[in-house]
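First up is the structure itself, then whatever we jot down about it.
Values below: all heavy atoms of this structure, side chains included; hydrogens, waters and symmetry mates excluded. Counting starts at 1 for both ligands and their atoms, following the listed order.
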Amino acid sequence: MIEWLAIPAIALVAAFIPGKKMTDEKKIQQIFENRKVGINQNDNFLYPKLIRKYNHHTYTTYIYSLPLGVPSEAFESFIPVLKDGLNKDVEVDFDEVLKINVFEHGLPESWNYDDSLLRSATWEIPIGNNHKGTLYHDFEKYPHMLVGGVTRFGKTVFIKEAFYTLLMDQLENVEFYFLDLKGGLEFGKYLSLPQVKAVASDVFEAAEVLSEIVDDLKNREKMFRAKGFTNIVDTPIKKRTFVVVDEGAELSPNIIAGEGKKYAKFCQAALSEISRIGGGLGLRLLYCTQYPTKEAVPMQVKMNIVSWISFIAAAQIGSMVILDEKGAEDLPSTPGRAIYKIEKKKVVQVPYIDDKYMFKKMEEREHEIIHAATNRKSVNDNRPAEYDENTPPAANT
Ligand SMILES: Nc1ncnc2c1ncn2[C@@H]1O[C@H](COP(=O)(O)OP(=O)(O)OP(=O)(O)O)[C@@H](O)[C@H]1O
């Protein structure tokens, strides 16, 4: 009989006798044995078998074959055990074989953003450093992003670095609408930039701005249909419109009381529409919340976003809502530490940026920033005459 055994924790301490320095390879083997990771076959207990080992500059990869019948998902819950046992960062991956990367050094506690991270003329933003380098997110491939995590762990800093990067890389082509529902305190100061079209600071203003965006969406849809376009990335249209929502829960009709309720309902419907059809038409949604509940993240928005970033979550349920799997609740309490997920989860340290740095750099390029809007003429050269830069939305008057 074959059975999968995963006996609850047995103290690992015994495996690591003080004074005796065990190699990581031996420790992993010992952990397999202590945790009974394997299957029982005809009275023989079969463990994963090390088939290859690669030494890289800063980490080692161990590759194991698994006895038939061992479910690969079981290794997900095994990661914290390995981390504790080895006292190192590890990454576990399964692709026919079990791959364990053991890293010599932890991630930096903090690192500063600088302009060398910019990738001019792209829609890529640095997500953060992991053990192998800097990861980038490409909004052309994955147009929308859901950002979660408890308060004070880096959501706003992340949105700012995304905003700064996109602005500096695409001065002539980018425009932003901020639903800055913490009173407009974070992004109101950028309203004078021609690329920032509107900053809504409450649910009423948000409804007004979203109504303009949805009207524009309908115009774009009509124009795409007339021209036979299916996705903006395959057209000559260079303009991209970012709608940034922080904090999404402030638009929940179940949370808002009184008069605001019906505006909130409209906002959620509009955001659902943007997430559903906006991507192909050039809209990009960056939706942030510290309340990962179905009230704060409307189902349509959630279903249409396939790239997620979560800072530390208060509980497993929070991680499940943002990332669709657990893990964010176990992140260290380091501001800027996050899990970025598209198909697979990656732990990163997001670069730190502040208004001072952004203002300084924007001042240095003030002339370009201001004149970028006028240079836009050629951007949408393929649009019909009635659809130009002056068609709505243009809430930043
Ligand atoms: N990437 C980072 N690297 C280092 N420190 C960071 C980073 N991100 C945030 N911090 C620190 O954490 C503080 C809070 O960050 P931030 O304002 O982004 O949190 P938040 O999650 O948006 O909070 P809130 O939900 O209250 O708005 C920052 O002032 C900074 O000191």
Starting from the C-alpha separation in whole Å, work towards a yes-or-no answer on side-chain hydrogen bond (donor to acceptor under 3.5 Å, both in side chains) for Tyr54 and Asn101. CA-CA 9 Å; Tyr54 298 103; Asn101 287 325; over 6 Å; no
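- Here His137 and Phe139 bring their ring centres to under 6.0 angstrom of each other.
- Looking from atom 24 (P) of ligand 1 to the surrounding protein, the closest heavy atom is Thr151 OG1, 3.3 Å.
- Atom 30 (C) of ligand 1 has its closest protein heavy atom at Tyr352 CE1, 3.8 Å.
- Given atom 11 (C) of ligand 1, the protein heavy atom at minimum distance is Pro335 CB, 3.6 Å.
- In this structure, Lys36 satisfies the cation-pi test against Phe45, with its NZ or CZ atom closer than 6.0 Å to the six-membered ring centre and inside 45 degrees of the ring normal.
- Checking Asp169 against Ser120 by side-chain atom types alone, no donor-acceptor pair falls below 3.5 Å.
- Under the salt bridge (Lys or Arg N to Asp or Glu O under 4.0 Å) criterion, the residue pairs touching residues 263-274 are Lys218-Glu273, Glu273-Arg276, with sequence neighbours excluded.
- In terms of protein heavy-atom proximity, atom 22 (O) of ligand 1 is nearest to Thr156 OG1, 2.5 Å.
- The protein non-hydrogen atom at the shortest distance from atom 19 (O) of ligand 1 is Gly154 N, 3.2 Å.
- When each atom of ligand 1 is checked for a heavy atom of Val350 under 4.0 Å away, the hits are 1 (N), 2 (C), 3 (N).
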If you apply the rule ring pair (Phe, Tyr, Trp, His ring centres under 6.0 Å), what do you find for Phe187 with Phe176, and how did you get there? CA-CA 10 Å; Phe187 293 94; Phe176 297 94; 8.8 Å; no
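- Comparing Ile159, Val157, Asp354 by heavy-atom distance to atom 28 (C) of ligand 1, the nearest is Val157.
- Under the 6.0 Å distance and 45° angle rule, Arg119 counts as a cation-pi partner of Tyr136.
- Ring orientation note: the planes of Tyr64 and Phe32 are nearly perpendicular, at an angle over 60° on the 30°/60° scale.
- Close approach of ligand 1 to Ser110 is summarised as follows: ligand atoms under 4.0 Å from at least one heavy atom of the residue are 4 (C).
- Less than 4.0 angstrom separates some heavy atom of Pro351 from each of these atoms of ligand 1: 1 (N).
- Distance from atom 2 (C) of ligand 1 to its nearest protein heavy atom, with residue and atom name: Gly336 CA, 3.6 Å.
- Of the listed options Arg152, Glu186, Glu247, Arg152 places a heavy atom closest to atom 23 (O) of ligand 1.
- When each atom of ligand 1 is checked for a heavy atom of Lys182 under 4.0 Å away, the hits are 24 (P), 25 (O), 27 (O).
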